[in-house]
Engineer: 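Have a look at this one.
One is the number of the first residue; the rest follow in order along the sequence. The shown structure was predicted, so the numbers you read here are calculated from the model rather than taken from an experiment. Reckoned from all heavy atoms, side chains included, excluding hydrogens, waters and symmetry mates. When a ligand or atom number is given, it counts from 1 through the structure's own listing order.
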Amino acid sequence: MSTADHLALAAAHAAHNYAPLPIVAAHAEGVWVTDVEGRRHLDFLAAYSALNFGHGHPRILAAAHAQLDRLTLVSRAFSHDRFGPFCAALADLVGKDMVLPMNTGAEAVETGLKLARLWGEKVKGVPCEESVVVVASGNFHGRTTTIISFSDDPVAHDGFGPWTPGFRTVPYADPAALTAALDDPRVVAVLLEPVQGESGVIVPPPDYLPQVRAACTQAGVLLIADEVQSGLARTGRTLACDHWGVTPDVVLLGKALGGGVLPVSAVCADDDVLGVFEPGQHGSTFGGNPLACAVGLEVVTMLSDGTWQARATSLGVHLRSRLDELVGHGLTGVRSLGLWAGIDVAPEVGTGRQVCERLLSRGVLAKDTHGQTLRLAPPLVVEPDEIDQAMDALASALH
Ligand code: PMP
């Protein structure tokens with residue numbers, strides 16, 4: 001079937017909740033995606049950072065294949081021999097006591113919110129019905145009804161009420177507004193992306209997260225870091241929070257934790273926080289399943305010696321220098337941390353979407369996130385000459 005045939009079939013029989021770029025992938029390895037027509041493309045989106053190790057990394061595939069032949073699912077009604085090792089290794093990687101595995105990023109966020117309200121009631125004495133979680137403007141934490149209740153993106157939010165109450169939004173990267181919002185005994189937690197991904201890789205000023213940490217400690221509320229997109233080496237550190245020496249109380253992980261093979265997410269915290277859950281209060285049929293744990297354990301093991309983090313840092317310097325050359329030549333702004341960049345396209349060049357279409361025709365996969373902004377997140381296996389190839393295509397697409 002041709003690309004056009006595939007797209008027509010999908011348009012006829014799949015909901016139109018995406019407007020995909022016109023490529024139908026058939027095969028991929030490392031940074032390269034081959035489409036149904038046999039054309040090869042450099043993947044500069046990496047499934048929104050879920051493919052940090054590239055397509056089909058041999059170690060991850062080997063772990064998955066070995067587990068597929070052994071045991072894939074028992075549900076959490078019973079334990080299995082990959083569960084404890086995965087939880088222990090992940091807890092160790094992020095410096096926490098324990099882990100609650102789920103599947104998708106949104107589920108990890110939902111779990112973190114339930115945890116915050118339960119902790120608030122049990123430990124702080126704030127009735128959960130009255131509790132408040134402070135969030136930031138421009139956030140993206142997922143698509144469930146509770147999560148979009150505090151989204152300020154009208155496309156994600158409007159039309160899906162009634163909303164879940166109990167959230168207060170403050171401007172991102174405004175420590176004074178955050179501190180003022182915490183002056184309320186009903187607040188139990190602050191939920192933040194340390195670097196905002198969907199908003200266009202918004203890196204906060206250097207003193208912001210340390211100030212947030214201090215304000216949360218002062219107010220006695222939990223700092224929940226949504227590292228679903230920023231975590232697991234993408235920014236050059238295991239967690240983006242590590243750049244600022246900030247230790248969140250709760251770390252939410254997803255995307256790359258599943259090695260690009262399957263959805264694996266997790267809530268990580270110390271015993272005095274995550275220990276508040278009792279049997280029956282939360283769960284998931286697939287969360288923490290043997291296949292997910294085997295893959296997640298391999299991912300955690302791969303991340304434990306710092307090699308991937310160092311690679312993201314050095315490649316990120318190269319990507320950034322190439323992007324900086326384009327400022328004033330089709331780009332109006334560049335932000336980045338590690339191998340993760342947000343770029344703003346000058347309006348006279350076209351929309352972000354048009355630039356993505358031109359990149360596609362030049363063999364590079366990238367996605368606009370808001371209007372004029374594109375997010376670049378190649379797999380961390382990308383080579384410097386592949387970055388150069390993509391940047392040459394970008395320079396040409398901006399003309
Ligand atoms: N949190 C953040 C920071 C994200 O970027 C995303 C997805 N883009 C999510 C949560 C939701 O993850 P998922 O799509 O796996 O539900």
Engineer: Kindly determine whether Glu357 and Arg353 satisfy salt bridge (charged side-chain N to carboxylate O under 4.0 Å, His left out), including the steps that lead there.
Structural biologist: CA-CA 6 Å; Glu357 285 164 359; Arg353 171 82 183 193; 3.2 Å; yes
Engineer: Decide if atom CD of Glu348 counts as having more than 12 heavy atoms of other residues, nucleotides or ligands within a radius under 6.0 Å.
Structural biologist: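 Enclosed: over 12 neighbouring heavy atoms sit under 6.0 Å from CD of Glu348.
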Engineer: For atom 5 (O) of ligand 1, find the nearest protein heavy atom and state the residue, atom name and distance (0.1 Å precision).
Structural biologist: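 Ranking protein heavy atoms by distance from atom 5 (O) of ligand 1, first comes Gln229 NE2, 2.6 Å.
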Engineer: Short list, please: which atoms of ligand 1 are under 4.0 Å from a heavy atom of His141?
Structural biologist: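 Once the distances to His141 are compared, the set is 1 (N), 9 (C), 10 (C), 11 (C).
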Engineer: Assess whether side chain to side chain contact (heavy atoms under 4.5 Å, CB included) is satisfied between Val126 and Glu121, documenting all intermediate values.
Structural biologist: CA-CA 5 Å; Val126 180; Glu121 183 159 280; over 6 Å; no
Engineer: Specify the protein heavy atom at minimum distance from atom 13 (P) of ligand 1: its residue, its atom name, and the distance to 0.1 Å.
Structural biologist: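 Its nearest protein heavy-atom neighbour is Gly105 N, 3.5 Å.
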Engineer: Looking only at heavy atoms, what is the nearest atom pair of Val24 and His6, with distance?
Structural biologist: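 Closest heavy-atom pair between Val24 and His6: CG2-CB, 3.7 Å.
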Engineer: Show the atoms of ligand 1 that are less than 4.0 angstrom away from any heavy atom in Thr104.
Structural biologist: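 Counting atoms of ligand 1 from 1, those under 4.0 Å from Thr104 are 15 (O), 16 (O).
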Engineer: In ligand 1, which numbered atoms sit nearer than 4.0 Å to a non-hydrogen atom of Asp226?
Structural biologist: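 Listed by number with element: 1 (N), 2 (C), 3 (C), 10 (C).
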Engineer: What's the spacing between Cys268 SG and Glu227 CD if we round to 0.5 Å?
Structural biologist: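 With rounding to 0.5 Å, SG (Cys268) is 10.0 Å from CD (Glu227).
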Engineer: Tell me which part of Tyr48 gets within contact of ligand 1: side chain, backbone, both or neither, using heavy atoms under 4.0 Å.
Structural biologist: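 No part of Tyr48 is near ligand 1 at this cut-off.
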Engineer: Checking a contact table here: which protein heavy atom is nearest atom 11 (C) of ligand 1, and how many Å away?
Structural biologist: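 Result: Ala106 N, 3.6 Å.
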Engineer: State the atoms of ligand 1, each with its element, that fall below the 4.0 Å cut-off from a heavy-atom position in Phe140.
Structural biologist: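 Result: 1 (N), 2 (C), 3 (C), 4 (C), 6 (C), 7 (C), 8 (N).
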Engineer: In ligand 1, which numbered atoms sit nearer than 4.0 Å to a non-hydrogen atom of Glu198?
Structural biologist: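 What qualifies from ligand 1 is 5 (O), 8 (N).
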Engineer: Mind checking whether Lys255 contacts ligand 1 via backbone (N, CA, C, O), side chain (CB onward), both or neither, at a 4.0 Å heavy-atom cut-off?
Structural biologist: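 It is the side chain that touches ligand 1; the backbone stays farther off.
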Engineer: Examine Arg362 relative to Phe44 and say whether NZ or CZ is less than 6.0 Å from the centre of the six-membered ring and inside a 45° cone about the ring axis.
Structural biologist: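 Output no; distance or angle outside limits.
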Engineer: Rounded to the nearest 0.5 Å, what separates atom CG in Asp153 from atom CG in Asp158?
Structural biologist: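 Answer rounded to 0.5 Å: 8.5 Å.
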